[in-house]
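Residue numbers begin at 1 in each chain, while the letters A, B, ... track the order of the sequences.
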Amino acid sequence: MIDPQLIRNDLDNVAQQLLKRGFKLDREQLIALEAARKRVQVETQALQSERNTRSKLIGKAKASGEDIAPLLAAVAELGDKLKAGEAQLAEIQSELNAILQGVPNIPHADVPEGESEDDNVELRRWGKPTSFDFEPKDHVDLGVALGGMDFETASKLTGSRFTVMSGPIARLHRALIQFMLDLHTREHGYTETYVPYMVNADSLRGTGQLPKFSEDLFKLEGEQEYYLIPTAEVPVTNIVRDVIIDADDMPRKFVCHTPCFRSEAGSYGKDTRGLIRQHQFEKVELVQIVKPQESNAALESLTSNAEQVLQQLGLPYRVVILCGGDVGFSAAKTYDLEVWLPGQQQYREISSCSNFESFQARRMQARWRNPGTNKPELVHTVNGSGLAVGRTLVALLENYQDAAGRVHIPAVLHPYMGGVTVIE
RNA sequence: GGAGAGGUGGCUGAGUGGUCGAAAGCGGCGGUCUUGAAAACCGUUGAGGGUUUGUAGCCCUCCCAGGGUUCGAAUCCCUGCCUCUCCGCCA
């Protein structure tokens with residue numbers, strides 16, 4: 001959520017900045033609602049104050065044995081007025097809140113103009129697109145031929161957009177997870193974390209998936225209103241929901257491997273082949289909870305932590321900054337890491353690293369105690385994939401294939417592969 | 001799944017209809033003392049929101065959450081959630 005004070009005091013400027021991402025703020029509606037809120041809130045609080053003072057007088061009178069009947073008569077009609085005022089205020093505030101919950105974050109000044117992913121700006125490249133002296137296969141042909149990937153059986157078990165993996169490819173998939181966790185905990189100072197894979201609606205509201213994007217989520221049947229997590233970002237970031245963190249405990253850096261579940265509603269024709277877009281995939285997620293003045297630097301370091309995975313695996317990639325039209329609802333600024341996929345002859349997203357500034361923190365009431373003011377203030381949250389495991393597997397298979405259809409395992413993964421260096 | 005107990009400020013814990021945002025202790029912060037520290041002593045110490053030029057003042061809300069009773073609720077009633085103990089079951 002953006003700061004409601006900005007809506008009150010700087011509405012035109014906020015509306016202007018949101019246009020960068022193609023979001024039109026209904027200013028007339030907000031001005032009217034805000035005026036009503038102020039009027040009703042001031043009135044209602046005055047009534048509450050009056051009730052309080054009168055009730056105290058009644059208490060005192062009763063204690064000293066006076067007749068309280070006239071005092072009671074004087075407050076008689078106060079109750080109804082007060083109830084009406086409170087109800088009206090609650091209604092206005094929930095209406096206002098519903099609107100604010102649906103307003104996206106204000107884009108950071110660095111975010112380039114643009115409407116779609118075509119307008120994202122490439123910042124740098126690492127490595128060169130892998131060249132072959134034969135026609136490279138895509139990961140589906142490789143995986144199926146190697147006997148390690150079975151999409152038909154998965155669709156029998158469940159449906160489309162799932163996979164069954166087996167043998168050395170399943171092991172490689174697991175090896176990637178171990179490698180990433182080890183790298184981020186040993187080299188980058190993150191704390192390994194294990195979390196629930198189902199969360200409640202409060203958590204999803206906290207990170208911004210609800211109320212607007214429920215169609216992207218899998219909701220569980222049953223008495224509890226639980227959802228499967230679409231990313232570890234949700235449970236991990238919500239660790240600090242309703243917490244005031246000591247300044248000494250900042251920054252907090254979490255690394256967490258989880259499966260992720262996404263309904264992929266609205267992407268029916270997209271990436272129907274292979275592992276790229278599944279309803280269930282594994283991800284190693286990096287989350288940092290930082291002081292506001294440190295979030296920009298944190299985004300840079302977190303991004304480079306994710307880049308390290310690609311570099312150590314020897315996978316060519318580029319970094320783009322998302323334009324206003326493509327940056328996600330909750331993010332102020334996002335870098336995407338895109339890995340080179342020979343099977344598609346293009347760069348594809350493998351990690352998305354974002355600074356949410358105080359947007360999620362405000363929804364979560366996640367704060368730290370600023371020693372300067374000694375007051376609780378909102379933290380900033382930063383997160384990114386380090387990396388999406390399924391897509392990393394795709395990239396490895398496609399970039400490390402040879403003419404015979406074998407896949408050579410990069411050296412950093414050898415310790416995790418139990419002696420296997422080639423999958424054939 | 002069955003039976004019981006309970007959820008109060010950073011922590012322990014008192015409070016069963018009014019003067020309670022809440023005793024007391026611990027912890028934290030500031031000070032006195034001290035060469036310095038400890039001890040002792042004194043003071044201070046929750047969060048959210050409104051109004052406002054205001055980190056001033058005034059006001060509102062919050063004692064798990066949501067409803068209700070009442071002039072007045074931490075305290076009474078209902079519902080939900082969570083925790084603990086015992087029994088059963090179980091990876």
- prompt: Is the gap between the ring centers of A:F329 and A:F213 under 6.0 Å?
  reply: yes

N/O (side chain, A:N52) to phosphate O (OP1/OP2, B:C60) under 4.0 Å: yes

query: How close or far is atom C1' of B:G50 from atom CG of A:L47, stated in whole angstroms?
result: 14 Å

task: Using only heavy-atom distances, determine whether the side chains of A:Q288 and A:E294 contain a donor-acceptor pair under 3.5 Å.
output: no

- prompt: With rounding to whole Å, what would you report as the distance between B:G31 and B:A37 at their P atoms?
  reply: 11 Å

- prompt: Paired with B:G43 by Watson-Crick or G-U wobble geometry, both distances under 3.5 Å: which nucleotide is it?
  reply: B:C29

query: With nearest nucleotides of RNA chain B determined for A:E50 and A:R8 from heavy-atom distances, which residue corresponds to the more 5′ nucleotide?
result: A:R8

- prompt: Do we see a donor-acceptor contact under 3.5 Å between the side chains of A:Q360 and A:T381?
  reply: yes

Pairwise P distance, B:C86 and B:G27 [rounded to whole Å]: 32 Å

Base-pairing assignment for B:G9 (Watson-Crick or G-U wobble, both under 3.5 Å): none

Under 3.5 Å on both distances, the Watson-Crick or G-U partner of B:U55: none

- prompt: NA contact type, A:K38, heavy-atom cut-off 4.0 Å: base, sugar-phosphate, or nothing?
  reply: sugar-phosphate

task: Could you check whether A:E225 gets within reach of a base, just the sugar-phosphate, or nothing at all, counting any heavy atom under 4.0 Å?
output: nothing

query: Can you check the A:Q5 CD to B:G50 C1' distance for me, whole Å?
result: 10 Å

message: From CG of A:D246 over to P of B:G28, roughly how many Å is that when rounded to an integer?
response: 12 Å

- prompt: In whole Å, what separates the C1' atom of B:G10 from that of B:A47?
  reply: 13 Å

field: A:E357 side chain to A:H380 side chain, donor-acceptor N/O pair below 3.5 angstrom
entry: no

task: Would you kindly give the CG-to-P distance between A:N97 and B:G49, to the nearest whole Å?
output: 13 Å

- prompt: In whole Å, what is the span from the CD1 atom of A:I58 to the P atom of B:C71?
  reply: 9 Å

- prompt: Reckon A:R39 touches a base, only the sugar-phosphate, or nothing at all at heavy-atom distances under 4.0 Å?
  reply: nothing

query: Distance only, no hydrogens: is a donor on one side chain within 3.5 Å (strictly under) of an acceptor on the other, for A:H188 and A:Q308?
result: no

- request: Say whether A:E264 and A:S267, considering side chains only, have a donor N or O and an acceptor N or O under 3.5 Å apart.
  value: yes

query: B:G4 and B:C90: how far apart are their P atoms, nearest whole angstrom?
result: 24 Å

message: With a 3.5 Å cut-off and heavy atoms only, can you find an N or O donor on one side and an acceptor on the other between the side chain of A:K62 and the base of B:G18?
response: yes

- line: Side-chain atoms of A:K83 come closest, of B:U69, B:A47, B:C59, to B:U69

Under-4.0 Å salt bridge between A:D271 and A:R348: yes

- request: Verify the contact: side-chain N or O of A:R37 to OP1 or OP2 of B:U51, cut-off strictly under 4.0 Å; return yes or no.
  value: yes

task: Counting Watson-Crick and G-U wobble pairs only, both distances under 3.5 Å, name the nucleotide matched with B:U19, or none.
output: none

field: Interatomic distance where CD belongs to A:E377 and C1' belongs to B:G48 [whole Å]
entry: 15 Å

message: Looking at B:G36, which nucleotide sits across from it as a Watson-Crick or G-U wobble partner, both distances under 3.5 angstrom, or is there none?
response: none

message: Using atom C1' in both nucleotides, what's the gap between B:G9 and B:A74 to the nearest angstrom?
response: 12 Å

- prompt: For the side chain of A:Q48, counting heavy atoms from C-beta on, which of B:C71, B:U61, B:G48 is nearest?
  reply: B:U61

message: For the C1' atoms, the ones on B:U61 and on B:G2, what distance do you get once it is rounded to whole angstrom?
response: 41 Å

- prompt: Which listed nucleotide (B:C82, B:G48, B:U69) is nearest to the side chain of A:Y226?
  reply: B:C82

message: Counting only side-chain nitrogens and oxygens, does A:R367 get under 4.0 Å of the OP1 or OP2 atom of B:G46?
response: no

statement: Per nearest nucleotide of RNA chain B, the residue lying toward the 5' end, A:S55 or A:S49, is A:S55

field: Distance in angstrom units between A:Q41 CD and B:G49 C1', rounded
entry: 7 Å

field: Whole-angstrom distance between B:U83 and B:G67, as gauged at atom C1'
entry: 23 Å

- prompt: Rounding to a whole Å, what distance do you find between A:K60:NZ and B:G72:C1'?
  reply: 13 Å

task: May I ask you to decide if A:R277's main-chain N or O and A:R161's side chain share a donor-acceptor pair within less than 3.5 Å?
output: yes

message: If I pick the P atom on B:G50 and the same atom on B:U44, what distance separates them, to the nearest angstrom?
response: 29 Å

task: With a 3.5 angstrom cut-off on both distances, give the Watson-Crick or G-U wobble partner of B:A65, or none if there isn't one.
output: B:U79

message: Strictly by Watson-Crick or wobble contacts shorter than 3.5 Å, is anything paired with B:G1, and which nucleotide is it?
response: B:C87

